[in-house]
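Everything quoted here is computed from the prediction, not taken from an experiment.
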Amino acid sequence: MTVPDVDRAAGSRAAIAARRARAAIKKAVTEQRRSATGVLDRASSHPDSLEAGMRVTELLQGIPGLGRVRIERVIERLSISPSKRLGGLGTLQRDRLREYLQKRAPFAGDEKASRLVVLAGPTAVGKGTVSTWIRENVPGVLLSVSATTRAPRPGEIDGVSYYFVDDAEFDRMIEAGEFLEWAVVHNSSRYGTPRAPIDEALADGKSVLLEIDIQGARQVREAMPEARLVFLLPPSWAELVRRLTGRGTETAEEQERRLATAEVELAAQNEFDYLIVNNDVETAARDVVELMK
Ligand SMILES: Nc1ncnc2c1ncn2[C@@H]1O[C@H](COP(=O)(O)OP(=O)(O)OP(=O)(O)O)[C@@H](O)[C@H]1O
Ligand SMILES: Nc1nc2c(ncn2[C@@H]2O[C@H](COP(=O)(O)O)[C@@H](O)[C@H]2O)c(=O)[nH]1
């Protein structure tokens, strides 16, 4: 099995367009106190304005958490052509778009909106390594510490790597509603993201990074649609296997189980807003950090 190449050039063009759109919304908000919905309303009421000339896709690129794949899905659902400009929308299209913006991105353009980034990807692709780089090099980012029922590996520290809990405690946390999301991963142990530290960090204006599996990523997208979902890809399948076996922390049987999950996870990569190839840890980590800005 090979992992499809990612069109990095196209990715960077999209990133530039997204930055330009965010800057336009930010300008509209800071100078004229206008949100993304406000930009849409001005486009409707002022056909000669700059806003009227903006494409719907450009406006959506300015919304935190919306990458190329999700934008395509959104405009298809709203029955809007990708080339449509805000000023050229029909009444129904405008109403549908406004309703979408109000529901999905009420804080878009708000300077204080914090970034919640979810980092997922197959086993041993390097999620932990990339997250550790960010923790050690980027201040002001909360790296969520998950609870898990799996046993600690040598060197893992309770409360830092994970909160290592037994089944009874994990059940209690579920019952008490303490998790933002939780899942059984690799058909073996349970893992969950404690909700309280995330709410606190976001309220304090910090960025938050979750390193979780794709079942968890889907739950976060439902609960917090503004989250940015990133899928970390290996340079190739062979390299992924090499990293897993080279890490040497799982038995051969557990490695088989994890690689089976990895095939399923790789097939779901298009559900994510951003794809980042982990060729080099620092480069991948910097790409993730860029999404928190
Ligand atoms: N860019 C890279 N180049 C080479 N080796 C890497 C790279 N990134 C990570 N690794 C190595 O790959 C192995 C797996 O990395 P890591 O444990 O961070 O993966 P993970 O995605 O968190 O895995 P899991 O989901 O199984 O917990 C480690 O030995 C790590 O040092
Ligand atoms: N849904 C969740 N998945 C999580 C969480 N914390 C970690 N994970 C994922 O589990 C696997 C295995 O991790 P490992 O440490 O045993 O190698 C990996 O994909 C993690 O991303 C969580 O809170 N929720």
Side-chain angles (χ1 to χ4, degrees), residues 1-22 24-25 36 54-86 93 96-97 99-101 103-105 108 113 115-122 125-127 130 181 209-235 237 240 261-279 283-284 286-293:
M1 176 173 170
T2 56
V3 176
D5 274 351
V6 175
D7 183 349
R8 292 181 70 77
S12 59
R13 273 199 303 277
I16 291 167
R19 267 202 299 278
R20 209 181 296 138
R22 273 196 292 280
I25 293 179
M54 191 181 218
R55 287 188 203 280
V56 176
T57 45
E58 287 169 344
L59 179 70
L60 292 174
Q61 279 164 8
I63 306 299
L66 284 189
R68 185 179 51 80
V69 179
R70 272 171 85 181
I71 288 174
E72 280 169 13
R73 277 206 305 263
V74 169
I75 56 171
E76 196 183 328
R77 215 172 58 226
L78 299 177
S79 302
I80 295 174
S81 140
S83 60
K84 204 77 172 168
R85 295 182 190 275
L86 296 181
Q93 288 177 321
R96 281 198 297 267
L97 179 58
E99 191 188 349
Y100 172 82
L101 292 174
K103 213 158 71 192
R104 291 279 162 163
R115 297 274 184 265
L116 175 62
V117 172
V118 173
L119 186 61
V125 68
K127 301 180 296 294
V130 166
E181 62 72 38
L209 182 64
L210 306 186
E211 186 217 316
I212 61 179
D213 87 320
I214 62 166
Q215 305 169 78
R218 288 176 181 141
Q219 293 174 48
V220 172
R221 186 176 54 200
E222 285 304 309
M224 305 178 85
E226 70 278 18
R228 295 180 160 190
L229 268 52
V230 181
F231 193 87
L232 202 59
L233 283 163
W237 178 256
L240 185 72
T261 313
E263 289 201 43
V264 176
E265 294 187 321
L266 283 164
Q269 61 184 265
N270 285 343
E271 291 178 30
F272 286 73
D273 302 315
Y274 302 90
L275 303 178
I276 294 176
V277 180
N278 180 19
N279 273 312
T283 310
R286 286 189 187 281
D287 284 349
V288 173
V289 171
E290 189 62 26
L291 296 173
M292 296 173 173
K293 289 183 184 156

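Distance alone, capped at 3.5 Å, is enough to place a donor-acceptor pair between the K127 side chain and the G121 backbone. Proximity of a side-chain donor or acceptor of R228 to a complementary backbone N or O of L291 within less than 3.5 Å is detected. Of the possible donor and acceptor atoms, one in the side chain of E58 sits under 3.5 Å from a partner among the backbone N and O of R55. With hydrogens and angles disregarded, no donor-acceptor distance shorter than 3.5 Å links the side chain of E222 to the backbone of Q219. A donor-acceptor contact shorter than 3.5 Å is absent between the side chain of E226 and the backbone of L116.
Judged as a side-chain contact (heavy atoms from CB on, under 4.5 Å), and not counting sequence neighbours, the contacts of V74 are L60, L78, Y100. Not a single salt bridge (charged side-chain N to carboxylate O under 4.0 Å, His left out) links R96 to another residue, sequence neighbours left out. Scanning for salt bridge (charged side-chain N to carboxylate O under 4.0 Å, His left out) contacts around E76 gives an empty result, with sequence neighbours left out.
R68 and E72 are joined by a salt bridge, as a carboxylate oxygen and a charged side-chain nitrogen come within less than 4.0 angstrom of each other. Salt-bridge check for D273 with R70: passed, with a basic side-chain N closer than 4.0 Å to an acidic carboxylate O.
Side chains of I214 and E271 form no contact here, defined as non-hydrogen atoms less than 4.5 Å apart.
In plain terms, the two heavy atoms of R73 and N270 that are nearest each other are NH1-O, 3.9 Å.
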